[in-house]
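Before any comments, here is the structure.
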Amino acid sequence: MWIADHWKDYEVIDTSSGEKLERWGDYLLVRPDPQVIWNTPKQLNGWKRPNGHYHRSNKGGGQWEFFDLPEQWTINYKNLTFNLKPFSFKHTGLFPEQATNWDWFSDKIRNAGRPVKVLNLFAYTGGATLAALEAGAHVTHVDASKGMVTWAKENAVSSGLADRPVRWLVDDCVKFVEREIRRGNHYDGIIMDPPSYGRGPKGETWKIEESIFPFVELCTKILSDNPLFFLINSYTTGLQPAVLNYMINTAIVPKFGGKVEAEEIGLPVSSNGLVLPCGASGRWSK
């Protein structure tokens, strides 16, 4: 398992009964987590006195309950700064477990010894974009949500990266890649964090089980002649590490060689030293 264990401003403090107790900077949040299927005593004070608690509804969705939590605040990861705010369906605008992937591809970029162009697809609020920029890459950031792209730009400003070479695009990822193929543009690294289900800005539908492999094959057409890395993240139950491994080996290795690794990613739990699983990632590199 790849563990994001270099955080100072974030921690999973404890987990129990379908929920996790987290520290985001100076604030404690209780949020639901479907992986937490165990029931252990909630003895820590944070469970009783959080700054925010997202309550899952039996009918789907849910709502926040706030106790002295600001509308927005920031946390840092190494040299990066992220603006956080509680919004729809329990999220804060950041997936801290992804830091293990940020560190991996940042090392690749820094050690490449050449200019590196990176494409970040389904790019959300730009955690991976910021990490790649900070490492020295030229980045193209694509997401179907205008609000998410705006948020990512704010994170870049907060991180002191606003003047770095980046393109911010609100677009359907599949259609964008198809246009890049026609335009003859290429990238040395591709990052994708596809949703299980989604809609593009013009109502395009995306179902990951049907769409992900053809999309990975499509993306191989915009990799450069000497690509550096390819990263797929999955929060979908059916896309286990072995599936990601098989898919990347099938689509990318015959064309470019290199090696594939795939693992669960996770976060350390400070109260007991165990690791909370948080999805899976597949990595290809030369």
Side-chain angles (χ1 to χ4, degrees), residues 1-54 56 69 73-86 89-108 124-128 130-132 134-135 155 159 191 193 231-237 239-242 244-245 261-283:
M1 180 181 282
W2 294 320
I3 303 171
D5 55 4
H6 293 156
W7 281 97
K8 295 180 180 178
D9 281 4
Y10 172 85
E11 66 175 313
V12 179
I13 300 171
D14 199 13
T15 65
S16 180
S17 306
E19 294 183 315
K20 55 190 172 187
L21 171 64
E22 306 164 288
R23 178 180 63 84
W24 296 81
D26 296 330
Y27 303 101
L28 299 182
L29 299 181
V30 174
R31 298 192 299 155
D33 191 311
Q35 300 278 19
V36 181
I37 60 174
W38 45 88
N39 298 316
T40 52
K42 293 183 175 180
Q43 297 176 332
L44 300 177
N45 285 334
W47 285 112
K48 303 178 183 71
R49 297 180 181 178
N51 298 97
H53 189 165
Y54 188 91
R56 176 73 57 80
L69 184 72
W73 72 103
T74 62
I75 64 171
N76 299 311
Y77 183 74
K78 298 183 178 178
N79 295 326
L80 307 177
T81 299
F82 300 98
N83 296 283
L84 305 177
K85 54 191 173 188
F89 191 61
K90 79 180 181 181
H91 296 306
T92 63
L94 186 66
F95 291 88
E97 62 272 12
Q98 288 298 328
T100 185
N101 286 321
W102 304 340
D103 291 343
W104 172 75
F105 64 68
S106 292
D107 286 343
K108 299 281 183 192
Y124 196 52
T125 58
L130 268 59
E134 205 271 333
N155 285 337
S159 297
I191 301 161
D193 201 343
L231 170 67
I232 304 175
N233 295 308
S234 168
Y235 291 92
T236 304
T237 305
L239 267 71
Q240 305 290 349
L244 297 176
N245 188 311
E261 301 174 283
E263 295 280 356
E264 285 187 272
I265 56 175
L267 289 161
V269 180
S270 57
S271 65
N272 56 24
L274 299 175
V275 176
L276 177 66
C278 304
S281 294
R283 300 170 176 175

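- By the 4.0 Å N-to-carboxylate-O rule, Arg283 lies too far from Glu261 to be salt-bridged with it.
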Report task. Evaluate the side-chain hydrogen bond (donor to acceptor under 3.5 Å, both in side chains) criterion for residues Trp73 and Asp26: first the C-alpha distance (whole Å), next the side-chain angles of each, then the deciding distance (0.1 Å), finally the verdict. Result -> CA-CA 9 Å; Trp73 72 103; Asp26 296 330; over 6 Å; no
Report task. Mind running side-chain contact (heavy atoms from CB on, under 4.5 Å) on Lys20 and Gln35 for me, showing each step along the way? Result -> CA-CA 10 Å; Lys20 55 190 172 187; Gln35 300 278 19; over 6 Å; no
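- Summarising the geometry of Ser271 relative to Asp14, their closest heavy-atom pair is OG-OD1, 3.1 Å, with the distance given to 0.1 Å.
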Query raised in the report: Between Asp103 and Lys78, is a side-chain contact (heavy atoms from CB on, under 4.5 Å) present by the stated rule, with each step listed?
Result: CA-CA 10 Å; Asp103 291 343; Lys78 298 183 178 178; 3.1 Å; yes
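- A salt bridge links Lys42 with Glu19; the closest basic N to acidic carboxylate O contact falls under 4.0 Å.
- Tested against Trp24, the residues Leu94, Asp9, Leu69, Asn51 include a single side chain to side chain contact (heavy atoms under 4.5 Å, CB included) partner, Leu94.
- Within the 3.5 Å criterion, the main-chain N or O of Pro268 finds no donor-acceptor partner in the side chain of Asp5.
- Shortest non-hydrogen contact noted between Ile37 and Pro34 is CG2-O, 3.7 Å.
- Atom-to-atom distance recorded for Tyr124:OH and Phe95:CZ is 4.5 Å, nearest 0.5 angstrom.
- Taking both residues in full, the closest heavy atoms of Pro241 and Ala262 are given as O-CB, 3.1 Å, listed atom of the first, atom of the second, then distance.
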Report task. Would you sort out whether Phe82 and Leu130 count as a side-chain contact (heavy atoms from CB on, under 4.5 Å), showing the intermediate values? Result -> CA-CA 9 Å; Phe82 300 98; Leu130 268 59; 4.0 Å; yes
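- Between Tyr10 and Leu267 there is a side-chain heavy-atom pair separated by less than 4.5 Å.
- Residues Leu44 and Ile13 approach most closely at CD1-CG2, 3.6 Å, considering heavy atoms.
- Put simply, the side chain of Thr125 gets close to the backbone of Gly93: a donor and an acceptor are under 3.5 Å apart.
- At least one side-chain heavy atom of Asn39 sits less than 4.5 Å from a side-chain heavy atom of Ser17.
- A distance of 8.0 Å separates CG of Asp33 from CZ of Arg31, quoted to the nearest 0.5 Å.
- Around NZ of Lys48, the count of heavy atoms belonging to other residues, nucleotides or ligands within 6.0 Å exceeds 12.
- Contact of the Lys8 side chain with the Asn76 side chain is not registered, since no non-hydrogen atoms from C-beta on lie closer than 4.5 Å.
- One finds the OG atom of Ser281 at 11.5 Å from the CG atom of Leu239 (value rounded to the nearest 0.5 Å).
- One finds the CG atom of Asn272 at 6.5 Å from the OG1 atom of Thr15 (value rounded to the nearest 0.5 Å).
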Query - Trp47 and His53: CA distance, side-chain angles, deciding distance, side-chain contact (heavy atoms from CB on, under 4.5 Å) verdict - result: CA-CA 9 Å; Trp47 285 112; His53 189 165; over 6 Å; no
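- Interatomic distance, CG of Leu244 versus CD of Glu264, reported as 11.0 Å (0.5 Å rounding).
- In this structure, CZ on Phe105 lies 4.0 Å from CD1 on Ile191, to the nearest 0.5 angstrom.
- What you find for Trp102 and Ser106 is that their closest heavy atoms are O-OG, 2.7 Å.
- Here Glu97 pairs with Tyr235 under the side-chain hydrogen bond (donor to acceptor under 3.5 Å, both in side chains) rule; sequence neighbours left out.
- Here the side chain of Ser159 pairs no donor or acceptor atom with the backbone of Leu80 at under 3.5 angstrom.
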